[in-house]
Number of protein chains: 2
Amino acid sequence: MAEKPTHVDSFRVQNDRQRNQTVSTTGCQPFVLPAAESDKLERIIEASPALKKGTHLFHQGDPFMSIFVVRAGTLKTYTVTNEGEEQITGFYFPGEVVALGGIGNDEHPVSAKTLETTTVLEYPYQPLDSLAGQIPNLRTQIVSCMGKEIRDEQQMMLLLSKKTAEQRVATFLYKLSVRFKQRGYSATLFRLSMSRNEISNYLGLAVETVSRIFTRFQKQQLIKVEGKEIEILSLERLYTVSGDEKQSPEQSVQYR
Amino acid sequence: MAEKPTHVDSFRVQNDRQRNQTVSTTGCQPFVLPAAESDKLERIIEASPALKKGTHLFHQGDPFMSIFVVRAGTLKTYTVTNEGEEQITGFYFPGEVVALGGIGNDEHPVSAKTLETTTVLEYPYQPLDSLAGQIPNLRTQIVSCMGKEIRDEQQMMLLLSKKTAEQRVATFLYKLSVRFKQRGYSATLFRLSMSRNEISNYLGLAVETVSRIFTRFQKQQLIKVEGKEIEILSLERLYTVSGDEKQSPEQSVQYR
DNA sequence: GACATGAAATGACCTCGGTGAATTGAATAA
DNA sequence: TTATTCAATTCACCGAGGTCATTTCATGTC
């Protein structure tokens, strides 16, 4: 393990906006507005300091006050079952919005924790919401984000209840690739910021299963694994294995 | 089977607002507003006729135009996997909002189908959204609904990746009970509008497993099953079995 | 360097719940 | 009434993936 964070824990943005200067949000905010309105928005945003690996942004049950956008680094969100084991509900990369599940609720339904050194932008929800009342464009973008979250979770439900272990891992890697590509990183060569344990937890599998499948995929020349470094050797085949490929209807009638 | 609908299919509200009279929405709309604003809202709503069992409200891939609120009856939403099998993503009862996953997307990410004769209210999204721009209260209620959908789906992810078959079925019945109670129906005696097949699909299990567990629960005097009629004999024990009960922290330190 | 520690990989074994087949039941139709 | 059909149940069997134990590897520490 890189750092030993254990209990730095729970950062709270303490008016650390230097010299009343608005925060630069270059290239990572999901809410894009024309200059004048963008100014208003930026005035309510607070930038976090660099948060060490293992820091909580918030805990499940904390009062819901803000949503967050990742600037750099990675977050996971998770719920805790009654037996105390965690269930990871999502990983969040730069540009992605965290804590939407708290909207309309008085408390956060999940915890959010950094997987590596991470910085975020905090959007205090009440000001954000009233801005959304003045700026239709912003309102639209917020509900769009929420809609996307809903759709992503539906995909995840499908994965968890219908896919085999192989399909889950393939889907995971494929979707990571797509997300990295969208953010301008390589689609085929990247570093997993989460542990095998976290991957398996997220996918509803045992660690051992993920391990075995990584090696199997490597033997099949699908990927190249070297610790946390992943190279995808064939995105096409990976996609095929993921089970998301829509096979042409012809295929099922092909009887001759 | 009650009717044989097969392909009544895909209803579209065709200006069936009788004599320009606004639709009565007694007791089933999730969006509650003071009189004046409520009027504005009601002017954009369209009421569906009674939809027979098996009717589609919309199909996955249809252009997203409206969200819906169930007035009477039951709906299911589902996605279709590439192999053509469906994955049910939710059941919706009177007062509940359907199609939130389409917001911010040009098409519906799921299909919605009636499980019995059902009526809905249609809220065309564009007018609804611009109203939301004028009525902060309405905006709040819409995003709250979406937030709740996100939280519900997170719970479902937890169920699908961590719970045993027994826990899933218990959770399903318990949550139904809570929802019925909220709507003013009996919490302990109700009729399942969905088939065993649909239950098992939703819960990520085989039909046979659901069947076995229903009989097991009955033997254990947890519930009384008679076809689609369910009587819950002990909500407390059902909740315990569901695995959602938070056991007091003391319990785990109780070593003497 | 040697040592310690936790993550990851590998293997042997086992179990929960899926599969397939057969039976029963309930609802509609003729 | 009987025939038909599809939902639901029950049983016997099996396999994907979990569990437990061991080994290997990587990283950090002294």
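Chain letters run A, B, ... following the sequence lines, proteins first, then strands; residues in each count from 1. These numbers were taken from a predicted model, which means no experiment stands behind them.
Residue A:F214 contributes atom CZ, which lies 16 Å from atom P of C:dA7 at whole-angstrom precision. Taking atom NZ of residue B:K162 and atom P of nucleotide C:dC16, one finds them 18 Å apart after rounding to whole Å. B:R196 has its CZ atom 19 Å from the P atom of C:dT24, to the nearest Å. Atom CD in A:E198 sits roughly 16 Å away from atom P in C:dG6 (whole-Å rounding). Residue A:K228 contributes atom NZ, which lies 10 Å from atom P of D:dT27 at whole-angstrom precision. Distance B:M194 CE to D:dA8 P: 11 Å, rounded to the nearest Å. When rounded to the nearest whole Å, the span between CG of A:N197 and C1' of D:dA26 equals 16 Å. Distance, A:N201 CG to D:dG18 P: 12 Å, rounded to whole Å.
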At under 4.0 Å between heavy atoms, how does the protein contact nucleotides 10-17 of chain D? Give one character per nucleotide, 5' to 3', with B, S or -. BBB----S
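With a 4.5 Å cut-off on side-chain heavy atoms, A:V98 and A:I67 do not count as touching. In this structure, A:K76 and A:M194 have side chains that are not in contact, with every pair of non-hydrogen atoms separated by 4.5 Å or more.
Ring planes of A:F58 and A:H108: parallel class, angle under 30° (limits at 30 and 60°).
At a threshold of 4.0 Å, the pair B:R179-B:E96 counts as salt-bridged, since one of the basic side-chain nitrogens sits closer than that to a carboxylate oxygen.
Between its opening and closing five pairs, the helix from C:dG1-D:dC30 to C:dA30-D:dT1 changes axis direction by 30°, a value rounded to 10 degrees.
Checked against a 6.0 Å centroid threshold, the rings of A:F93 and A:F180 count as neighbours.
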For the pair A:T117 and A:K53, evaluate side-chain hydrogen bond (donor to acceptor under 3.5 Å, both in side chains) and give the outcome as yes or no after the intermediate values. CA-CA 5 Å; A:T117 301; A:K53 175 176 176 173; over 6 Å; no
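Defined by atom type and a distance below 3.5 Å, a donor-acceptor pair is present between the side-chain atoms of B:T77 and B:T89.
With hydrogens and angles ignored, the 3.5 Å screen pairs a side-chain donor or acceptor of B:S242 with a backbone N or O of B:Y239. For A:T114 (side chain) and A:L75 (main-chain N/O), no donor-acceptor pair under 3.5 Å exists by modelled atom type.
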